[in-house]
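Working notes, beginning with the structure itself.
Note that these values count all heavy atoms, side chains included, but never hydrogens, waters or copies made by symmetry. Given the structure is predicted, the values throughout are model-derived calculations rather than measurements. Labels below follow one simple rule: chain letters A, B, ... track the order of the sequence lines, proteins then strands, and each chain is numbered from 1.
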Number of protein chains: 2
Amino acid sequence: MTTATSPRALEHPPRDRIRLEAVLHALSDPVRLRIVRDMAREATELSCSYFDLPVTKSTTTHHFRVLRESGVIQQMYRGTAKLNALRGEDLDALFPGLLDAVLAAADAQAARTEGAA
Amino acid sequence: MTTATSPRALEHPPRDRIRLEAVLHALSDPVRLRIVRDMAREATELSCSYFDLPVTKSTTTHHFRVLRESGVIQQMYRGTAKLNALRGEDLDALFPGLLDAVLAAADAQAARTEGAA
DNA sequence: GCCGTACTACGACGGGTATCGTACAAGGGT
DNA sequence: ACCCTTGTACGATACCCGTCGTAGTACGGC
């Protein structure tokens, strides 16, 4: 072992390099939007395996990476698990109200489509 | 001539078929985001040729179609010109505050990058 | 040490898409 | 009628991306 707390490091963009276009692109995928909604609902850090997604584990890894590299989420290793958290503070500092608006929009759309069923 | 006002019809999604993912995807392209920002700044309908974009006319046509088919803008022919307008009412009814949040975020990001230059 | 769990890396594949060039259509002005 | 302006259609191209399967790594428990 080399370091005590973080054996495996994960690259995250610093706050000032988060690009709006990348964030919007990350949120425009249904699977990723669902991940973000789940994370917003449960306010704590969640492991990747918490999410029950309609794709394989490889694809899940891919989506989490897109979310991390776009600056939407933060990831940390904790043993074999990988904990995920929204970068709510960073996003709100850069783009005030954006994340909330997207989450509210997703909720509204979900309510509409469920109501129609 | 067949009809008096609209010789050439353009397909638009009705309000209830506008999908959040499609809107976010439409706004995640730099060229399209710039178009939307310009339209929001000038509150009136604008012809396609108003915009000074770093792509050819073919590509411009493509981007306007993506914006129209995702429900972000409305297009109408007026002679040889094609007038474009944001579907602000529809978007605000479906996703309250979303468009404003994206526009504010784009302004904030533009201010930051200009300030750094 | 061994195994199981959690996640990753890599390659492949199919579909989407941003871009262009060229050729074309529609409409207004002279 | 002619042309110019405005925008479209279509094909081509190169790239991106979502998906998968398989093989592999890291860590914790037994």
Side-chain angles (χ1 to χ4, degrees), chain A residues 1-12 19 21-36 39 45-70 72-85, chain B residues 1-12 19 21-36 39 45-70 72-85:
Chain A
M1 59 193 76
T2 51
T3 58
T5 49
S6 303
R8 291 179 274 175
L10 290 167
E11 287 192 12
H12 292 77
R19 298 284 307 171
E21 295 87 340
V23 171
L24 294 178
H25 174 249
L27 297 176
S28 72
D29 181 275
V31 176
R32 290 194 292 262
L33 185 57
R34 176 168 162 179
I35 292 172
V36 170
M39 281 201 288
E45 303 192 322
L46 297 171
S47 72
C48 291
S49 55
Y50 168 86
F51 302 89
D52 185 29
L53 301 172
V55 291
T56 65
K57 276 204 292 184
S58 327
T59 307
T60 301
T61 298
H62 162 70
H63 285 308
F64 274 103
R65 180 169 45 215
V66 172
L67 286 171
R68 171 171 43 88
E69 292 179 345
S70 66
V72 176
I73 68 170
Q74 200 173 20
Q75 298 190 291
M76 245 195 300
Y77 281 107
R78 181 123 183 187
T80 65
K82 195 184 203 176
L83 295 185
N84 303 277
Chain B
M1 60 192 75
T2 51
T3 58
T5 48
S6 304
R8 289 179 278 175
L10 290 169
E11 287 192 12
H12 291 76
R19 298 283 308 169
E21 295 88 340
V23 170
L24 293 178
H25 174 250
L27 296 176
S28 72
D29 180 275
V31 177
R32 290 194 292 262
L33 185 57
R34 175 166 163 181
I35 291 173
V36 170
M39 281 200 289
E45 304 192 321
L46 296 172
S47 72
C48 292
S49 56
Y50 168 85
F51 303 88
D52 187 27
L53 302 172
V55 291
T56 65
K57 276 202 296 182
S58 325
T59 307
T60 301
T61 297
H62 162 69
H63 284 308
F64 274 104
R65 181 169 44 215
V66 173
L67 286 171
R68 184 184 76 240
E69 292 179 346
S70 66
V72 176
I73 68 168
Q74 200 174 20
Q75 297 190 291
M76 246 196 299
Y77 281 108
R78 181 120 182 189
T80 66
K82 195 185 204 175
L83 295 185
N84 303 277

Starting at atom [atom1] of [X], determine the distance to atom [atom2] of [N], rounded to an integer number of angstrom.
| X | N | atom1 | atom2 | result |
| --- | --- | --- | --- | --- |
| A:R68 | C:dC7 | CZ | P | 13 Å |
| A:E45 | C:dA6 | CD | P | 18 Å |
| A:L10 | C:dC7 | CG | C1' | 11 Å |
| A:L83 | D:dA26 | CG | P | 19 Å |
| B:F64 | D:dA9 | CZ | P | 15 Å |
| A:E69 | D:dC16 | CD | P | 14 Å |
| B:E21 | D:dC17 | CD | P | 18 Å |

Checklist entry - To the nearest 0.5 Å, how far apart are OG1 in B:T60 and NZ in B:K57? => result 9.0 Å

Item to check | A:F64 side, atom CZ; A:L10 side, atom CG - distance, nearest 0.5 Å | outcome: 12.5 Å

Using a 4.0 Å heavy-atom cut-off across all strands, classify [X] as base, sugar-phosphate, or nothing.
| X | answer |
| --- | --- |
| B:R65 | sugar-phosphate |
| B:S47 | sugar-phosphate |
| A:T61 | base |

Run the side-chain donor-acceptor check on residues 26-36 of chain A: report pairs under 3.5 Å with partners two or more places apart or on a different chain.
from  : atom 1 : to    : atom 2 : distance (Å)
A:S28 : OG     : A:H25 : O      : 2.8
A:D29 : OD1    : A:V31 : N      : 2.8
A:D29 : OD1    : A:R32 : N      : 3.2
A:R32 : NE     : A:A26 : O      : 2.8
A:R32 : NH1    : A:H63 : ND1    : 3.2
A:R32 : NH2    : A:H25 : O      : 3.4
A:R34 : NH2    : A:D52 : O      : 2.6

Item to check | Flag for A:T56-A:T59: side-chain donor and acceptor within less than 3.5 Å | outcome: yes

Checklist entry - What string of B, S and - do you get for nucleotides 10-23 of chain C, 5' to 3', when a contact is any protein heavy atom under 4.0 Å? => result -------SSBBBB-

Checklist outcome for this item: In terms of heavy-atom contacts, A:L83 and A:E45 come closest through CD1-OE1, 3.5 Å

Next on the checklist: Looking at every non-hydrogen atom in both residues, tell me the closest pair between A:Q75 and A:C48 and how far apart they are.
Outcome noted: NE2-SG, 4.3 Å

Checklist entry - Distance check: side-chain N/O of A:S49 vs OP1/OP2 of C:dC7, anything under 4.0 Å? => result yes

Checklist entry - Would you say the side-chain atoms of B:N84 pair up with the backbone N or O of B:L46, donor to acceptor, closer than 3.5 Å? => result yes

